[in-house]
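Remarks on the structure that follows.
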Amino acid sequence: MHASASNMSGATVEGIYWAVQRDPCTLYDLQLKLATSVTSYAMFPEGEFAIRNRATGAVFDVMYESTEADTEIKTWEAKGEDSNANQRFRFEGGLLINVNSGLSVTFNHTGQGAMPTQQPGENADTQAFEYDDGFLTLIQDENKELVVGQIDDLIQLVPANGDDESQKWDLVEF
């Protein structure tokens, strides 16, 4: 049995030691996964920020300034500094937390076409993010085949295309 870093979440130290003894490649896989996660975490600002699309200038917006779970997140024109808490986010342990609601950006599944709502933070596969060179991705997508993109005013998981500016985001600090 080949144990890899991707299937070792929640593993005990003894379990990891056993996996490394059985298959030394596991140690390399684990080190690579940890290094990748640390690098992508470092890319997020420490404070509050807006998530702005490079192609349109529109930002992530929790609809109707709602503080309720299941509320859609779309893109919208950036508001002034006084009333934009529904467009402000912070990064905590892999999660993108809306400042207004305290809820996490959550995709309804991990496949192409998935769209986000806000939900309580549970660190699920549909909630944990990485940011690298403008691309926002779910951590669980190790090959980065799908990225967060904008189609009209919708935010969706779309096939990665490095030339498409609608798939790139700037994190604008406040």
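Keep in mind the model is a prediction, meaning the values are calculated, not measured. The basis for the numbers below is simple: all heavy atoms, side chains too, and nothing from hydrogens, waters or symmetry mates.
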Does [X] have more than 12 heavy atoms from other residues, nucleotides or ligands lying within 6.0 Å of its [atom1]?
X	atom1	result
Arg90	CZ	yes
Glu77	CD	no
Gln156	CD	yes

Mind checking the [atom1]-[atom2] spacing from [X] to [Y]? Nearest 0.5 Å is all I need.
X	Y	atom1	atom2	answer
Thr71	Asp61	OG1	CG	11.0 Å
Leu154	Ile73	CG	CD1	12.5 Å
Glu142	Glu130	CD	CD	9.0 Å
Glu48	Asn84	CD	CG	8.5 Å
Leu95	Thr106	CG	OG1	8.0 Å
Gln167	Arg54	CD	CZ	12.0 Å

For the backbone of [Y] and the side chain of [X], can you confirm whether one donor and one acceptor N or O come within less than 3.5 Å of each other?
X	Y	result
Gln150	Asp152	yes
Asn100	Glu65	yes
Asp141	Glu145	yes
Tyr131	Trp169	yes
Gln127	Ala124	yes
Asn161	Asp163	yes
Gln87	Lys79	yes

Would you say [X] and [Y] make side-chain contact, with heavy atoms under 4.5 Å?
X	Y	answer
Asn53	Phe60	no
Trp76	Val62	no
Thr67	Leu103	no
Ile97	Phe89	no
Ile155	Val148	yes
Thr137	Phe129	no

Contact summary for [X] and [Y], nearest pair of heavy atoms:
X	Y	answer
Thr110	Leu146	O-CD1, 3.5 Å
Ala58	Thr75	CB-CB, 3.7 Å
Pro45	Leu171	CD-CD1, 3.6 Å
Ala160	Val147	CB-CG1, 3.8 Å

Would you tabulate the side-chain donor-acceptor contacts of residues 115-122 under 3.5 Å, counting partners in other chains and residues two or more places apart, or write 'none'?
residue: Thr117; atom: OG1; partner: Gln119; partner atom: NE2; Å: 3.0
residue: Gln118; atom: OE1; partner: Ser101; partner atom: OG; Å: 2.7
residue: Gln118; atom: NE2; partner: Ser66; partner atom: O; Å: 3.1
residue: Gln118; atom: NE2; partner: Glu68; partner atom: O; Å: 2.9
residue: Gln119; atom: NE2; partner: Asp70; partner atom: OD1; Å: 2.6

Can you see whether Phe174 has Arg88 sitting over its ring - NZ or CZ less than 6.0 Å from the centre and within 45° of the normal?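 Yes, a cation-pi geometry.
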Should Val59 and Val105 be counted in the same cluster of Ile, Leu, Val, Met, Phe, Trp and Tyr side chains packed under 4.5 Å apart?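 Each belongs to a different hydrophobic cluster.
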Using the rule given for side-chain contact (heavy atoms from CB on, under 4.5 Å), can you reason through Phe49 versus Leu96, listing the C-alpha separation, both sets of side-chain angles and the distance that settles it, and then say yes or no? CA-CA 10 Å; Phe49 54 89; Leu96 290 171; 3.8 Å; yes
Once you measure the plane-to-plane angle for Phe91 and Phe44, does it fall in the parallel (<30°), tilted (30-60°) or perpendicular (>60°) bin?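 Geometry flag for Phe44 against Phe91: parallel rings.
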Under the side-chain hydrogen bond (donor to acceptor under 3.5 Å, both in side chains) rule, what do Asn98 and Asn86 come out as? Steps first, then yes or no, please. CA-CA 6 Å; Asn98 179 254; Asn86 68 313; over 6 Å; no
